[in-house]
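Presented below is the structure to which this report refers.
Ligands are counted one by one from 1 in listed order, and the atoms in each one are counted from 1 as well.
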Amino acid sequence: MSDLVTRILRDVGRAVSDHKLIEHGDKIMVAVSGGKDSYAMLDVLRRLQRRAPVRFELLAVHLDQAQPGYDGAPLRAWLEADGHPHEILREDTYSIVVDRVPEGATYCALCSRLRRGILYSAATRLGCNKIALGHHRDDAIETLLLNLFFSGRIAAMPARLVSDDGAHVVIRPMIYCAEETLAAYAAERAFPILPCNLCGSQENAQRKQMKALLARMESEHPGVKGSVFAALGNVRPTQLLDLGLLGRSDEPKRGAPGAGEVSGASLGAGRLRVLGE
Ligand code: SF4
């Protein structure tokens with residue numbers, strides 16, 4: 001076994017255990033886009049399946065979105081040669097996206113929303129209780145920065161997420177894996193990668209900027225990406241300003257010792273009152 005796969009297996013095992021991603025009896029739909037990350041995910045989950053103490057099923061599902069020039073043959077051949085149980089879906093989301101997205105705007109948001117809906121329905125039809133997506137550490141930290149810089153929100157990607165209607169659990173077993181490790185593993189295994197830009201859509205420009213920013217920071221300060229990622233598991237809610245998080249257990253009770261020391265939030269409220277008088 002190569003060093004790369006050992007490292008990936010260790011990271012996936014840690015994510016599975018930390019976030020309880022896989023349980024006995026699960027039937028997991030593994031979403032395989034044909035990109036390096038999803039190939040690596042399927043490959044590694046299969047290895048984990050062989051050695052795990054719990055029994056679970058894997059079903060690889062690939063969605064052909066009818067993009068011009070699409071050729072899924074290399075992926076199908078790989079799935080068959082490696083003996084992965086799989087299902088290929090075909091839905092023309094390409095025409096819908098081209099039709100609905102205004103000129104000059106990027107396709108990716110609508111495209112991925114449609115894809116998610118199709119995968120959720122397929123999971124129900126195929127009896128899968130979980131859907132595994134191949135997002136990794138770098139996706140999570142890029143998303144954090146995107147939300148921070150452009151959405152005024154501190155949010156990234158959870159390792160485990162129950163869908164809004166409670167019907168599906170989305171899991172991200174690769175969330176602790178560095179993208180460069182997955183890229184090196186994909187090259188080592190010569191996965192037959194399908195390009196994801198056949199639709200002519202640009203990869204989200206802002207995400208590219210985040211990637212470039214992180215790469216520059218990492219080259220100047222090695223370890224920065226690891227530090228940003230570690231912050232996602234090291235949140236101090238009392239040192240933020242979200243009023244929803246300030247129903248705090250450390251807040252002194254009225255009349256209790258220390259109640260006269262006004263917290264930042266209530267100090268703000270007091271100031272407003274004074275200004276209004
Ligand atoms: S690159 Fe193309 S296929 Fe990938 S999400 Fe964007 S629009 Fe969809």
Is it the case that Asp43 and Tyr185 place a side-chain donor and acceptor less than 3.5 Å from each other?
yes
Between Thr143 and Arg207: side-chain donor-acceptor atoms closer than 3.5 Å:
yes
Counting backbone and side-chain atoms alike, does Cys111 have an N/O/S atom under 2.8 Å from atom 8 (Fe) of ligand 1?
yes
Taking atom CD of Glu188 as the centre, report whether more than 12 heavy atoms of other residues, nucleotides or ligands fall under 6.0 Å from it.
yes
For Asp3, I'd like to know if atom CG has over 12 heavy atoms of other residues, nucleotides or ligands within 6.0 Å.
no
Counting from 1 in the order shown, the ligand 1 atoms closer than 4.0 Å to a non-hydrogen atom of Tyr107 are 7 (S)
For Gln67, atoms of ligand 1 separated by under 4.0 Å from a heavy atom
2 (Fe), 3 (S)
Which is it for Cys108 and ligand 1 at heavy atoms under 4.0 Å: side chain, backbone, both or neither?
both
